[in-house]
Amino acid sequence: MPVNPDLQGRVFPPTAPYLVGREKVREFARAVFATSPLNFDPAAAQEAGYDDVVAPPTFPVVVQEATLAQLLAEPDGGIDFSRVVHGEQAFSYSRPIVAGDELTATLTVTNIFDRAGISMVTAESTIVDASGAHVVTATSTLVVRGDDS
Amino acid sequence: MSLDKLDLRVGDVVAERTFHLTRDSLVRYAGASGDFNSIHYRDDVAESVGLPGVIAHGMLTMGLAVQPVVDWLDNRGIILGYGVRFTRPVVVDPADGATVTVVAKVGALGEDETRVDLTVTFDDATVLGKAQVRVSLT
């Protein structure tokens, strides 16, 4: 089944709130070889003006994940996970994520582009905090191979 | 101390770092990120989809590649945006791992933002395309 062109413009329900834990930030920071004290030491983060440890720039992917799962599970979407390759990723930040943030993500399919048997699906996940203020937008472009490629 | 924009020129290398990835790094990243796609820890699955073997998560490569910029910025600026294209997989040998090199250069200087371009290489080839970090220097 090819990617359903009607997906374009579809907005998914907001994800359940994700509470950013201090140890999760540290665990993620270690995994991406981060060395900044802001990622590990609450005192250093507070001295720099943050409430708690600061998450590395690519941490939003952890929150975005739940929205991509919605997209892949969409019954009429036609996106077969076994044919998906991550083509591009971008983040646009209003502020860094900090431990203690409660984040909610909402995915919109912003573009579908078919060429030579592949579909490029661009999904934009807008991540806001508990007050509804924008924190970061995570945009993924998924490359979906067709049946015969 | 502030980063004086006047001291920066397009093309200046602002940071450089070499990372050594092992299979352990991939398992660690899988747990930390929640991405348990088995092409990142099972050679048989990786080979069944046409890869030479287990590859690093693209998001792990993206995540580590920005670290030299984070360290360079310290607390003297903020990151406004970061984007990459995944152009080539990083194959992580079970015994020898994989070495990834990141070079961060000033790509453009603007009034409100500075663009830092990353060259990320593995096995003498770039693995990320158009890897750009937009920063605001304070």
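So you know, we letter chains A, B, ... as the sequences are listed, proteins then strands, and number each from 1.
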*Applying the 4.5 Å side-chain criterion to the ILVMFWY set and letting contacts propagate, would A:Val20 and A:Tyr93 be lumped into a single cluster?*
yes
*Which atoms of B:His20 come close to chain A, meaning under 4.5 Å heavy atom to heavy atom: side chain ones, backbone ones, both, or neither?*
backbone
_What's the separation between atom CZ in A:Arg95 and atom CG in B:Leu80, rounded to the nearest 0.5 Å?_
15.0 Å
*Starting at CE of B:Met59, measure out to CD of A:Gln89 and round the result to the nearest 0.5 Å.*
4.5 Å
*What part of A:Arg30 is in contact with chain B, defined as an atom under 4.5 angstrom from a non-hydrogen atom: side chain, backbone, both or neither?*
both
*Point-to-point distance, once rounded to the nearest 0.5 Å, from CG of B:Asn75 to OH of A:Tyr50*: 5.5 Å
*List the steps and the verdict of side chain to side chain contact (heavy atoms under 4.5 Å, CB included) for A:Glu65 and B:Asp35.*
CA-CA 8 Å; A:Glu65 217 293 310; B:Asp35 181 346; over 6 Å; no
*Please report the closest heavy-atom contact between A:Val32 and B:Tyr29, naming both atoms and the distance.*
CG1-CE1, 3.7 Å
*Look at A:Ser94, A:Ala48, A:Pro56, A:Gly49 and state which one has the largest set of heavy-atom pairs under 4.5 Å with chain B.*
A:Ala48
*Please say whether more than 12 non-hydrogen atoms of neighbouring residues, nucleotides or ligands are located less than 6.0 Å from NZ in A:Lys24.*
yes
*Please check if atom CD in B:Glu47 has more than 12 non-hydrogen atoms from other residues, nucleotides or ligands closer than 6.0 Å.*
yes
*In terms of heavy-atom proximity below 4.5 Å to chain A, should B:Val66 be classed as side chain, backbone, both, or neither?*
side chain
_Out of A:Ser92, A:Gly87, A:Pro96, return the one with the most heavy atom pairs under 4.5 angstrom to chain B._
A:Gly87
*Would you check if B:Val70 and A:Pro57 make a side-chain contact, meaning some heavy-atom pair closer than 4.5 Å?*
yes
*Measure distances from A:Phe59 to the heavy atoms of chain B and classify the residue's part below 4.5 Å as side chain, backbone, both or neither.*
neither
*Between A:Phe81 and A:Leu107, is there a shared hydrophobic cluster once you connect ILVMFWY residues whose side-chain heavy atoms come closer than 4.5 Å?*
yes
_Could you see if A:Phe40 belongs to whatever hydrophobic cluster contains A:Val54? Use Ile, Leu, Val, Met, Phe, Trp, Tyr and a side-chain cutoff under 4.5 Å._
no
*Angle class for the B:Phe86/A:His86 ring planes (parallel below 30°, perpendicular above 60°, tilted otherwise)?*
tilted
*Search all heavy atoms of A:Phe33 against all heavy atoms of B:Leu60 and return the closest pair with its distance.*
CE1-CD1, 4.4 Å
*asked:* Does any backbone or side-chain atom of B:Phe19 lie under 4.5 Å from a heavy atom of chain A? Answer side chain, backbone, both or neither.
replied: side chain
*Does one hydrophobic cluster hold both A:Val62 and A:Leu19, with members joined at side-chain heavy-atom distances below 4.5 Å?*
no
*Is atom CG of B:Asp12 surrounded by more than 12 heavy atoms (other residues, nucleotides or ligands) closer than 6.0 Å?*
yes
*asked:* Quick check for you: among B:Gly63, B:Gly83, B:Gly129, which has the greatest number of heavy-atom pairs under 4.5 Å with chain A?
replied: B:Gly63
_Does B:Arg17 form a side chain to side chain contact (heavy atoms under 4.5 Å, CB included) with A:Thr35? I'd like the steps, not just the answer._
CA-CA 12 Å; B:Arg17 193 171 155 195; A:Thr35 55; 4.0 Å; yes
*When only pairs under 4.5 Å are counted, which of B:Gly31, B:Ala30, B:Ala32 shares the most heavy-atom pairs with chain A?*
B:Ala32
*Honestly curious: do A:Val53 and A:Leu38 fall in one hydrophobic cluster under the side-chain, below-4.5 Å linking rule?*
no
